[in-house]
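Treat the numbers as computed from the prediction; the structure is a model and nothing was measured.
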Amino acid sequence: MTVYTTFDSPLGELLLVGEESPTAKGGTALTSLSVPDQKGGVVAADLADGARADGAAFTEIIRQLRAYFAGETTDFDIEFTSAGTAFQQQVWKTLETIGYGTTLTYADVAEAMGIPRTSSRAVGTAIGRNPLLVVRPCHRVVGAKGAITGYAGGVERKRLLLDLESGRGTA
């Protein structure tokens, strides 16, 4: 069953959508984490009939998000699921290997995947369709020469997350 809730965060009100899962910590596997006005993000009105508001289902996920925003943790132990093409799944899996406080360029991600660095535009498109902002750290991918570009949640949110992870700011 699809469940959802909202969570007030330094990025704005996050919409968390998940599926009940007996294997997930807290009982919910996260399927989407969207920020307000996110390009391609989920809004509550998009949820299928039968989706149920259930804040308690996200207690563990919200606990981990709070710890992350407070600078108390550097990674997440959250079960998640998300649909995507085989290429998108490969890109997203690569994102999960980028360590806290580290950035890679789009070309670096392509190289890490074993594809030509010139595939960076295709990599960027796949990253832009990441349904799990923050948790799957697409904010750690920057443009050439470290330029902060291309974040579905807005570059100001990307900068906030990078500043948090670099120790230059708090969320």
Any donor-acceptor pair under 3.5 Å from [X] side chain to [Y] backbone:
{"X": "Gln89", "Y": "Ala86", "result": "no"}
{"X": "Lys158", "Y": "Val141", "result": "yes"}
{"X": "Ser119", "Y": "Ala122", "result": "no"}

Are any of the side-chain nitrogens in [X] or [Y] under 4.0 Å away from the carboxylate oxygens of its partner?
{"X": "Arg159", "Y": "Glu156", "answer": "no"}
{"X": "Arg66", "Y": "Glu72", "answer": "no"}
{"X": "Glu20", "Y": "Arg52", "answer": "yes"}

Aromatic contact, Tyr68 with Phe76 (centres under 6.0 Å):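 Yes, ring centres under 6.0 Å apart.
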With a 4.5 Å cut-off on side-chain heavy-atom distances among I, L, V, M, F, W and Y, is there a chain of contacts connecting [X] to [Y]?
{"X": "Val3", "Y": "Leu30", "answer": "yes"}
{"X": "Val42", "Y": "Val135", "answer": "no"}
{"X": "Leu11", "Y": "Phe58", "answer": "yes"}

Quick one: does [X]'s side chain get under 4.5 Å of [Y]'s, heavy atoms only?
{"X": "Ile98", "Y": "Thr103", "answer": "no"}
{"X": "Phe87", "Y": "Val123", "answer": "yes"}
{"X": "Arg129", "Y": "Trp92", "answer": "yes"}

Interatomic spacing from CG in Leu95 to CD in Gln90 - rounded to 0.5 Å: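 Going from CG on Leu95 over to CD on Gln90, the span is 11.0 Å.
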Between [X] and [Y], is any side-chain donor less than 3.5 angstrom from a side-chain acceptor?
{"X": "Ser21", "Y": "Glu79", "value": "yes"}
{"X": "Thr2", "Y": "Glu19", "value": "yes"}
{"X": "Asp108", "Y": "Thr105", "value": "yes"}

Full working for side-chain contact (heavy atoms from CB on, under 4.5 Å) between Arg157 and Tyr151: CA-CA 8 Å; Arg157 288 186 178 109; Tyr151 190 60; 4.1 Å; yes
